[in-house]
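The structure appears below as structure tokens.
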Amino acid sequence: MESTNSPTSLALEYGFRVLRRRAWLIALFLVVATLAAFAFSATQTKEYTATAALLFRDESVAQQASGEPTISNNDPQGTRNTDLLLVQLSNAVAQRTAAQLRAGLTASDVTNAVTASDQNQSNVVTVSATWPNPVLAARIANTFANAFIQEKLTSAQATIQSAIAL
């Protein structure tokens, strides 16, 4: 007569016995790991990101109105890259944004909070601001975008005024 206890079933029974004996230790590790994960996430600073979008148009109309010779652009990707760099590197816009917000921010704070990215093969540049306060994040993004528009407008007006003066 053969024994019904095969080596596989004996190993399985032994494994279950070990797990039953160590159940309190497994439960303790589970509770400790859960509490550690919660404590870690609770100590992290929450950050909110708000986004504004800028649409870039062809400036040749302003150049034509000012009487300046227009340059035909055969590289739209180059223009998009230039527009993106103008937004990313504009320290004057960061200073203007900090001044307009009146929230105790410096131009450096604004520069660190704001990122700009282009929207795949379009003339739209997205300005995102990340800050611990969601309302201030939205204000930074919108104010930065508006300040950039004002800088571009001031530059275009200066171009037109210089052409008129000629």
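Model, not experiment: these values are computed from the prediction.
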Where A98 and A107 come nearest, the two heavy atoms and their spacing: CB-N, 3.9 Å

F144/I149 under side chain to side chain contact (heavy atoms under 4.5 Å, CB included): CA gap, chis, key distance, verdict: CA-CA 9 Å; F144 189 92; I149 292 168; over 6 Å; no

Pairs touching residues 95-115 that satisfy salt bridge (Lys or Arg N to Asp or Glu O under 4.0 Å), sequence neighbours left out: R96-E151

Shortest non-hydrogen separation from T51 to S128 and the atoms involved: OG1-OG, 3.3 Å

W24 reachable from F29 in the ILVMFWY side-chain graph, under 4.5 Å edges: yes

Smallest separation among heavy atoms of V127 and A141, with atom names: O-CB, 4.1 Å

Same cluster (ILVMFWY, side-chain, under 4.5 Å), Y48 and L101: no

Nearest atoms (heavy-atom pairs only) where A137 meets A129: O-CB, 3.4 Å

Any side-chain donor near an acceptor of the partner, T130 and T49, under 3.5 Å: yes

Flag, side chain of T143 to backbone of I140, donor-acceptor distance under 3.5 Å: no

Contact check, side chains of L35 and F40, non-hydrogen atoms, under 4.5 Å: no

Pairwise distance OG1(T97) to CZ(R139) - rounded to 0.5 angstrom: 11.0 Å

Check against side chain to side chain contact (heavy atoms under 4.5 Å, CB included), V110 and T106: CA-CA 6 Å; V110 172; T106 64; over 6 Å; no

